[in-house]
Every structure is written in structure tokens, then in C-alpha cells.
Protein chains: 2
Amino acid sequence: MGRKLGLTLEHVVEAATEIADRDGLSAISLASVASKLGVRSPSLYNHVDGLAGLRRQLAFRAGGLLAAEMADSVDGLTGTAALRALAAQYRSFAHRHPGLYATFLPAPTPDDDPELTAALLEPVGVVGSVLTEMDIDPLTVVPLIRALRAAVHGFVDLELGRSFGLPDDIDESFTTTIDLVIDAIASKSNA
Amino acid sequence: MGRKLGLTLEHVVEAATEIADRDGLSAISLASVASKLGVRSPSLYNHVDGLAGLRRQLAFRAGGLLAAEMADSVDGLTGTAALRALAAQYRSFAHRHPGLYATFLPAPTPDDDPELTAALLEPVGVVGSVLTEMDIDPLTVVPLIRALRAAVHGFVDLELGRSFGLPDDIDESFTTTIDLVIDAIASKSNA
DNA sequence: AGGTGATGACTAACCATGTTAGTTGACCGG
DNA sequence: CCGGTCAACTAACATGGTTAGTCATCACCT
């Protein structure tokens, strides 16, 4: 049998994305992706460098998609309103794409894979540009951006991991959490 | 060959802990654990219910250890000092036991495994008792404890995942992050 | 039109891992 | 001393990743 289907890298990554978002990142295997595409596992090597390569492609897609969504969400906004929009969009992305979201951690080291490292830090850059517009003391901007990132990521990660035991409203808790951090950031702004 | 070594559940879980803390949670396999113990993989079934059972035992150990350390760390302290001690101990645990720490997520659903769910929520209980002593409005205590948990977990998770790109001092960023949340909590305390 | 080469799928084979079944030798209580 | 239990074992099988080698199809070039 020769060339039967018009399989492309896009198709492979798309299929893997669907599996990851539906059944979790660990459900991705060459076997499951190949099966979804109606193809045998070795055929995937024509498009992707093994399982590791597939995961890498998935991470690229995740970084690019999230960065694009965040850039869109902040359009026309500045200051705390922009930060709130970014946090909400970030959380929404994680809800809609839990599998892609999981590819962010652990991050590759800059030595191992500088290209992928840069792609995964793209979303952070969007937040950074909003913060510099707010005229924060340069000495404290890095800890503050880390605090915001930690709070948002931590909340989403716990939420996705079903780690909040109590039935109390989770949306409200998210608002409380990010407002707490954003207010603290605003109090150090000179804009 | 019959009964040769005095292998116990403790030995198995201990070996798995060492592997997980050194090489990551995903490095745990029955093969790697058995090899470390000088035993064949099927022998482990005499002590543990397969790989899933081993991971479950590891999660129990993680929950118990962290809860004990946190209870110790808060001894004699109250209020914001207690919260700061808890956060520091939590982070220290994650640094010393990254493999055990990773077992906390994703959490099992209460329906699937109520026993393990309870064990993993034990550390949260320690924080809860400190907060109730601080006399916080019961309506806002749940969002606040979630904010604190999200910030601390998020920070540690990003840190362990090498996701902080910049070389800026990480200890200082941690202090900034948790002080930010703890100060907000303190401002709502009536104690 | 027909030959040629690249493409992209395939089968076969190998290795590692998890798991089950059945076996065997050592210890322990009667 | 004898019999049962326990805890290790070997054998066998399934699944998944990977490599090597095969072969049909398509595009292009003469």
C-alpha cells in the first residue's frame, strides 16, 4: 500500500489536541493518535519525530494559541482592566484546552530547546507589556508579575485537578484571588 | 527459589519515593522500583496492587508527611506569622520532595477514593484551623484560603517546572507573593 | 506517453513495561 | 517432622514506542 491519505502535520497535531483535551495529556500515545486518524503508528513518523516530537509540536500550538487569545483579549484595555481581562482569558483557555494547558509544565530549559522556551514564554510577554505601561517600579515588577502568574496558574491548576474540596462557588473564588493580586499591583502603579 | 528477602511495603514505597524525588514522578515504574530493590517486577505485587496501587501508597505518604510537617511548623504561632510559616514549610516540602509533591495533582474524586481524598486534604485542614482562629468573616474565608493555596501552589509548581525565565531572585519573589496574599487576609481579620 | 524519483503509507521485528498465572523454595506452628 | 503459608520466582501475553525495509502512488521531466 502506498500513499493513501493526505495526512499532514496539522492533522496529527489536531488529533492529538482533541485527545489531550478530552482524556488528558497522558492519553496521548502514537497508538491512540494513529488510531483516531485511521493509520498505523509508524506512519506518524513521516510527520512528527516520535512521541517526544509530537508533544513538542503540541506545546508550540499551546503557546501560540494562548498568546494570541491573550493579545486579543487585552485589545483596547489598559491597567487593572487589562490585567483582569488577561486573567479571565487565561483561565478560559485552560478550561477549553486542559490538555494543551498541561503542556506548559514542566517547561524545557533554555539550553535544551531555546525555540520552544521562547514560544512558551510568549504569553508572559503580553502581561509584561501591560505592566510596563502601568509604570511600576522596575525593581518590583518581576516579583509582581510572578505573583500574578503564580496565583492564576495555581488557581487553574487546582481547579482542573479537582482539588477544591468544598462546593463553594469557584468563579467567585477566582475573582477574589485575582482581585487581591491585581489590587496589590495597582497600589504600586504610578500611572 | 522461595522467600529470600525481607521486603515490606515500607521498603517498596521508600524506593519509589527516592526515584520520584530524584528523577520525577514519571520515572516510577514497577521495573525501576524492582530493579532498585534487587527484585523482579512481579514480586512487587505481593506488597502493592500494581502500578496504580503503588502510586496510591505514594500519595498517602505524601499527604501524611506534608500534613505532619505543616502541623509542626505552626506550633506556637498564630495569625500572619503562622501563615508565613505554613507557606515556607509547604515550599520547603516541595523542594525536598518534588516527586511526592507531584502526587497531589490531579486529586482523586471523593467518589472514586474517599480515603485518599481525605488524606490529601489533610494539609488544607491545618491552614483552615489557623484561619478560623483569626476570626475571618465566614462568608469570605473559603475564597481567601483558596487564594492562599493557589498562590503558594502556583508559585511552587512554576518554580519546580523551571518556568521562571528570568534570573531574578526567586526567594524574594516568593516572599512578595505570599506577603501580598497574607496581608490581604490579615486586613479581613478581626483578631 | 512513459520512465524516474520522492513521498507517505505499510508490515515485520525488537525492546521495554505492566500484568496474570502458575511454580518453588523457605520459614513456622503444630 | 510435617504441612501450610508466604514471598519470591519464571513463563507468557498485551500494549506501546521505535527502527528498518517495502511498495504503491503521484509529480515531474524528457
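In the text below, chain A, chain B and the rest are named by the order of the sequence lines, each starting its count at 1.
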Checklist entry - A/Arg55: what forms a salt bridge (Lys or Arg N to Asp or Glu O under 4.0 Å) with it, not counting sequence neighbours? => result none
Checklist entry - For B/Asp113, which residues count as a salt bridge (Lys or Arg N to Asp or Glu O under 4.0 Å) partner, sequence neighbours excluded? => result B/Arg56
Next on the checklist: Using the side-chain heavy atoms of B/Leu30, tell me which of these nucleotides is nearest: D/dA8, C/dC10, C/dG18.
Outcome noted: C/dG18
Item to check | Integer-rounded Å distance: C/dG18 P and B/Ile28 CD1 | outcome: 11 Å
Next on the checklist: So if I take residues 42-49 of chain A and measure heavy-atom distances to DNA chain C, which residues fall below 4.0 Å?
Outcome noted: A/Pro42, A/Ser43, A/Asn46, A/His47
Checklist entry - Does anything in residues 95-107 of chain A pair up under salt bridge (Lys or Arg N to Asp or Glu O under 4.0 Å), and if so which pairs, sequence neighbours excluded? => result A/Glu69-A/Arg96
Item to check | Whole-Å distance separating the NE2 atom of B/His11 from the P atom of D/dA7 | outcome: 13 Å
Checklist entry - Once you round it to whole Å, what is the distance between P of C/dT19 and CG of B/Leu54? => result 10 Å
Checklist entry - Should the pair B/Phe93 and B/Phe104 be assigned to parallel (<30°), tilted (30 to 60°) or perpendicular (>60°) ring geometry? => result tilted
Checklist outcome for this item: For A/Val13, the side-chain contact (heavy atoms from CB on, under 4.5 Å) test, sequence neighbours excluded, returns A/Leu9, A/Thr17, A/Gln57, A/Leu58, A/Arg61
Next on the checklist: Please confirm whether the shortest side-chain N or O distance from A/Arg40 to OP1 or OP2 of C/dA9 is below 4.0 Å.
Outcome noted: no
Checklist entry - Listed by chain and number, what are the side-chain contact (heavy atoms from CB on, under 4.5 Å) partners of B/Leu77, not counting sequence neighbours? => result B/Ala82, B/Ala85
Checklist outcome for this item: A/Leu7 atom CG is separated from D/dT25 atom P, nearest whole Å, by 17 Å
